[in-house]
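By convention here, the first residue in the shown sequence is residue 1.
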Amino acid sequence: MALDRWIALVILAVSLSYGYTAFFMMDAGLPPFMRFNPIWPSTFPKVIAVLAAITSLAILLGFEKKPAESDADEIDFSRLWDYNIGQAVFLLALMVAYALLLRPAGFLLSTLLFIVIGAALLGERRFTILVPVAAVAAGGVWYLVQQTLGIYLSPLPTFLN
């Protein structure tokens, strides 16, 4: 089976479990006054789960355009270490470190470090452009989440608050 189908299978499993949670478990704890709202907190997760399941099923069932050479998408397991597995594992570890550092280091610093280190790992070398753009992106996202959505994210490290 081609790599895209393996990934679609994993996404289908994740979207089915996410959809089950969104459809059957998220709304159980809602207070009674919120049950009359047209949009519930589970509306967006339900849409995401359904769209992800439909898309992954389309890939699994082969509705997308077929490539000209059928073996081009197959993973050559004898050359597995020729792929950038180290980069992928490091990015996953970086994501875990970002999640763990979000509270102690604050949103701005942890997001800035995540963007800069991740981009450097993927080959970006123009740090004079990358660092200011990452800083503006982190600040902009923090401002939008804080002001628009009303979700409090500590912008600074905990020892400075």
Side-chain angles (χ1 to χ4, degrees), residues 1-103 107 110-126 129-130 133-134 136-138 140-146 148-151 153:
M1 186 162 47
L3 177 62
D4 60 342
R5 294 189 187 212
W6 280 107
I7 293 172
L9 186 64
V10 170
I11 291 174
L12 179 64
V14 169
S15 65
L16 288 177
S17 64
Y18 189 60
Y20 177 80
T21 303
F23 277 97
F24 299 109
M25 298 175 74
M26 285 182 76
D27 298 330
L30 281 178
F33 70 90
M34 287 189 72
R35 294 179 190 261
F36 297 109
N37 290 341
I39 297 177
W40 290 14
S42 66
T43 302
F44 191 61
K46 287 176 185 176
V47 170
I48 290 174
V50 169
L51 290 177
I54 290 171
T55 304
S56 59
L57 276 174
I59 293 171
L60 277 173
L61 297 175
F63 291 131
E64 80 278 3
K65 184 178 175 184
K66 298 285 183 194
E69 187 179 314
S70 62
D71 292 335
D73 289 338
E74 294 292 326
I75 294 178
D76 185 6
F77 289 106
S78 64
R79 295 183 29 219
L80 189 60
W81 294 108
D82 291 344
Y83 299 107
N84 293 330
I85 293 178
Q87 270 186 334
V89 169
F90 189 76
L91 279 175
L92 288 172
L94 189 62
M95 289 179 202
V96 171
Y98 173 71
L100 293 175
L101 286 174
L102 199 54
R103 284 187 188 231
F107 182 81
S110 59
T111 304
L112 177 72
L113 288 174
F114 176 75
I115 293 172
V116 170
I117 293 170
L121 174 72
L122 295 174
E124 180 60 51
R125 298 293 175 245
R126 295 176 290 175
I129 296 172
L130 176 65
V133 168
V136 169
V141 168
W142 173 80
Y143 179 78
L144 288 175
V145 168
Q146 178 79 19
T148 306
L149 297 177
I151 299 171
L153 291 173

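Ile115 has its side chain within reach of Thr111: a pair of non-hydrogen atoms, C-beta onward, lies under 4.5 Å apart.
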For a side chain to side chain contact (heavy atoms under 4.5 Å, CB included) check, start with the C-alpha distance between Leu102 and Phe114, then their side-chain angles and the critical distance, and finish with the verdict. CA-CA 10 Å; Leu102 199 54; Phe114 176 75; over 6 Å; no
Side chain to side chain contact (heavy atoms under 4.5 Å, CB included) assessment of Ile48 paired with Phe44: CA-CA 6 Å; Ile48 290 174; Phe44 191 61; 3.1 Å; yes
Stepwise side chain to side chain contact (heavy atoms under 4.5 Å, CB included) test for Leu94 and Leu121: CA-CA 10 Å; Leu94 189 62; Leu121 174 72; 5.7 Å; no
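For the side chain to side chain contact (heavy atoms under 4.5 Å, CB included) criterion with Leu12, the lone passing option out of Ile7, Leu60, Thr55 is Leu60.
Across every non-hydrogen atom of Ala138 and Phe107, the tightest pair is O-CE2, 3.5 Å. Minimum heavy-atom separation, Arg125 to Ala120: NH1-O, 3.0 Å. For the pair Ala49 and Gly19, the tightest heavy-atom approach, listed with the atom from each and the gap, is CB-CA, 3.4 Å. Taking both residues in full, the closest heavy atoms of Ala8 and Ile59 are given as CB-CG2, 3.7 Å, listed atom of the first, atom of the second, then distance. What you find for Ser56 and Ala53 is that their closest heavy atoms are OG-O, 3.1 Å.
We find the CD1-CG distance between Ile11 and Leu16 to be 12.0 Å, quoted to the nearest 0.5 Å. Taking CG of Leu144 as the reference point, atom CH2 of Trp142 lies at 10.5 Å (rounded to 0.5 Å). With rounding to the nearest 0.5 Å, the separation of OH in Tyr98 from CD1 in Ile117 is 12.5 Å. Lys46 contributes atom NZ, which lies 14.0 Å from atom CG of Leu51 (distance to the nearest 0.5 angstrom).
No hydrogens or angles considered: nothing links the side chains of Tyr143 and Thr148 as a donor-acceptor pair under 3.5 Å.
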